[in-house]
Amino acid sequence: MAWVARSWLWLLPLLSLALVSVVVAITLHFADRHKNQQFRANELAHGEQIRQTLQEEKLVPPPPLPPEAFVDAVAQMPQLALDKADRDWNKMDPAFVQDVLRVMARMKARGFPMVLLEGYRSAERQNRLAGGSAKVTQAKGGESKHQYGLAADLAPVRNGKVVISERDPWAMQAYNALGEEAQAQGLGWGGVWSFRDYGHIERAGSLRALLARRA
């Protein structure tokens, strides 16, 4: 029996080598898995950093469209004439402007370039619009977020022309997309009001609470 035992001794180094190989393979497997997990974690962190950077990037309002771009819109709604509707971004709340520009960037990416129809609106103009024969708004002067630079009326642009008709299927697609993007940005959208205002977006929250934060 001793010679049988001795005949197996030569296998011991091979078995030891095989065992070491298995241990090394398992170690490398878990090390590689750990590195992959670490890589994915770093990749996600980098993506979040990029998203945060874009979120914090200060966007610049687009250049104004030429007057001829508004011809059809003004014909349909005369109160949108440039001498009546204020499109000066500088009169609006700066933080809200950034929200609006982010929404406009998302809209453009979806194939719906947008234009500012009206931002700041005086209390006098608000009263004229509320009391006019063509009912444009139910809010009186001082009751609208337009008076505080916290609301904007937008419209889609197609082939260089501003389209405001809600009977236009493409325009309605744009307005519904606007609602989605505005709400995703945490803004309010006039398309869900009982008095529909599809192009209107605003800072969410009650006007009283928003003004209290400014005080």
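Please read all numbers here as calculations on a predicted model, not as lab measurements.
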Would you find a donor on one side and an acceptor on the other, under 3.5 Å apart, between the side chain of W189 and the backbone of Y198? yes

Is the side chain of E143 donor-acceptor paired with the backbone N or O of K140 at a distance under 3.5 Å, no angle test?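 At least one qualifying donor-acceptor pair exists.
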
Rounded to the nearest 0.5 Å, what separation is found between the CE atom of M104 and the CE atom of M114?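 That separation rounds to 7.5 Å.
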
To the nearest 0.5 Å, how far apart are CD in E181 and CZ in R106? 4.5 Å

Residue pairs, two or more places apart or on separate chains, that pass salt bridge (charged side-chain N to carboxylate O under 4.0 Å, His left out) and touch residues 115-131: E118-R121, E118-R125, R121-D153

Listed partners of [X] passing salt bridge (charged side-chain N to carboxylate O under 4.0 Å, His left out), at least two apart:
X    : answer
R158 : D168
R214 : D93
E180 : R110
D197 : none

Please give me the minimum heavy-atom distance between [X] and [Y], naming the atom from each residue.
X    : Y    : result
F96  : G149 : CD2-O, 3.4 Å
L117 : A155 : CD1-CB, 3.6 Å
A130 : A139 : CB-O, 3.4 Å
A174 : P156 : CB-CB, 3.7 Å

Begin with the C-alpha distance, continue with both residues' side-chain angles, and end with the deciding distance and a verdict on side-chain contact (heavy atoms from CB on, under 4.5 Å) for M92 and L116. CA-CA 12 Å; M92 299 167 62; L116 177 67; 4.1 Å; yes

[X]: side-chain hydrogen bond (donor to acceptor under 3.5 Å, both in side chains) partners, not counting sequence neighbours:
X    : result
Q147 : Q126
K91  : D86
R167 : none

Greater than 12 external heavy atoms within 6.0 Å of K161's NZ: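 Correct, the count exceeds 12.
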
Which atom pairs, donor and acceptor, lie under 3.5 Å between side-chain atoms of residues 62-84 and protein residues at least two apart or in another chain?
none

Sequence neighbours excluded, which residues qualify as side-chain contact (heavy atoms from CB on, under 4.5 Å) partners of S206?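 So S206 forms a side-chain contact (heavy atoms from CB on, under 4.5 Å) with R208, A209.
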
May I ask whether [X] and [Y] are part of the same hydrophobic cluster, defined by side-chain heavy atoms of I, L, V, M, F, W, Y residues being less than 4.5 angstrom apart, directly or through others?
X    : Y    : answer
V115 : Y120 : no
W170 : L178 : yes
V157 : L154 : yes

Among all residues two or more places apart in sequence or in another chain, which pass the ring pair (Phe, Tyr, Trp, His ring centres under 6.0 Å) test with Y175? none

Which residues share a ring pair (Phe, Tyr, Trp, His ring centres under 6.0 Å) with H200, sequence neighbours left out: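 H200: ring pair (Phe, Tyr, Trp, His ring centres under 6.0 Å) contacts with H146, W193.
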
Using the side chain to side chain contact (heavy atoms under 4.5 Å, CB included) rule, pick out the option among D99, V100, L101 that qualifies with V97. L101

Could you please spell out the steps behind the side-chain contact (heavy atoms from CB on, under 4.5 Å) verdict for L150 and E202? CA-CA 6 Å; L150 295 172; E202 64 178 34; 5.8 Å; no

side-chain contact (heavy atoms from CB on, under 4.5 Å), that's the test. Do Y148 and L207 meet it? Break it down for me. CA-CA 9 Å; Y148 307 93; L207 181 57; 3.6 Å; yes

Do the non-hydrogen side-chain atoms of I201 and Q185 ever get within less than 4.5 Å of each other? no

